[in-house]
Amino acid sequence: MEEQIQITVNGEPRQVPAPVTLAELLDHIGLDTRKVAVERNLEIVPRSTYAATRLAAGDRLEIVHFIGGG
Amino acid sequence: MDGTPTSAVPLDDAWEVAGLRFRSRLIVGTGRYKDLEETGRAIDASGAEIVTVAVRRVNLGDPKAPMLQDYVDPRRYTYLPNTAGCFTAEDAVRTLRLAREAGGWNLVKLEVLGPPPFLYPDMRATFEALEALLKDGFQVMVYCSDDPIAAKRLEDMGAVAVMPLGAPIGSGLGIQNPVMIRAIIENAKVPVLVDAGVGTASDAALAMELGCDAVLMNSAIAHARDPVRMARAMKAAVEAGRHAFLAGRMPRQYAADPSSPVTGLIR
């Protein structure tokens, strides 16, 4: 049986199958990685390392993009 | 008469911030429009080369929703990420680190706000955030109070531009503090921009007549009845105000001084 871990994405709890990389999570959500930025436990994750970043139980992710603002 | 200005100012009258050169002296926000299509049209009409953008959580429930980049092309406009909505130095620094990762550049707008209803700049938190951002290699344009001492301190710390408010954000009250704006300009060696307060075209012209290097606005265009037309008006006003500043206004005097010769009158 596949192991599940709980992480928090943009403030919402989420169960994901483990092991899972950040690149796999973003692909699963359906995001264009060229237009977003990700913070993991208050640290920026460089885009070049998404595929090598394995998520751990309890991780807190912020996934952001640019929107209209003044 | 060919209409060419005779002053020593170069014809293109460009200005520079953080080593980048711009012809338009109008910076516009991309928020508060009816939709992204109207955002794109208004910004096009404004002639702006720099646009401010906010950083927010992606809507995970709708990851394919249209994005700002589809309507306001980052290859055409310089995106200036802001920290709108940040009330602490820590949040502002986190936000801009994310913005740098999303966009890939260092030029940012810092604003750390005090509480509603005025959202007046919190300068202590602004200094704290600026220090952290400069250590981290950012080029920072700073929204600030209309306080010449605070503005000078930001410049001395290493801000690439200082941006005092003319009136509270989104208030449309116009330039309420021309004396202090002028004092900041006279003291500054970095570009000074009025950021916030502009309500209509004459406000933008006044800011430029005071000697600002540029003006930043959002609501004055986005909340006009016809944003595209107001964008055009602001473009003209900023240019008119800049020309008036360079031309040097006539002295004020409190009595009439006839424009027509006083000799040769019929009797």
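When each of B:V53, B:T52, B:L98 is checked for heavy-atom pairs under 4.5 Å with chain A, B:L98 comes out on top. For the set B:T95, B:V58, B:N218, the entry with the most heavy-atom pairs within less than 4.5 Å of chain A is B:V58. Each of B:G85, B:G31, B:P81, B:G29 has some count of heavy-atom pairs under 4.5 Å with chain A, and the biggest count is that of B:G31. Per-residue heavy-atom pair counts under 4.5 Å with chain B were compared for A:P46, A:G68, A:G30, and the maximum is reached by A:G68.
Proximity to chain B (any heavy atom under 4.5 Å) is restricted, for A:V38, to the backbone atoms N, CA, C and O. If you measure heavy-atom distances from B:Y79 to chain A, the contacts under 4.5 Å come from the side chain alone. Proximity to chain A is absent for every atom of B:R32, based on heavy atoms less than 4.5 angstrom apart. At a 4.5 Å heavy-atom cutoff, the contact between A:I44 and chain B is made by side-chain atoms alone. For B:D62, no part lies near chain A; criterion is any non-hydrogen pair under 4.5 Å. Interface residue B:A99: backbone and side-chain heavy atoms are both found under 4.5 Å from chain A.
With contacts defined as side-chain heavy-atom distances shorter than 4.5 Å, the pair B:Y120/B:D146 qualifies. Between A:L61 and A:L55 there is a side-chain heavy-atom pair separated by less than 4.5 Å. A 4.5 Å side-chain heavy-atom check between B:R94 and B:D91 finds at least one atom pair inside the cut-off.
For the atom pair B:R97 CZ and A:E43 CD, the distance stands at 8.0 Å (nearest 0.5 Å).
Aromatic ring pairs are classed by plane angle as parallel below 30°, tilted from 30° to 60° and perpendicular above 60°; the pair A:F66 and B:W105 is parallel.
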The test is salt bridge (Lys or Arg N to Asp or Glu O under 4.0 Å); show your working for B:D226 and B:R232 and say whether it passes.
CA-CA 10 Å; B:D226 179 346; B:R232 209 173 294 150; over 6 Å; no
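Checked options B:V142, B:D195, B:T83; the residue passing with B:K109 is B:D195 (criterion: side chain to side chain contact (heavy atoms under 4.5 Å, CB included)).
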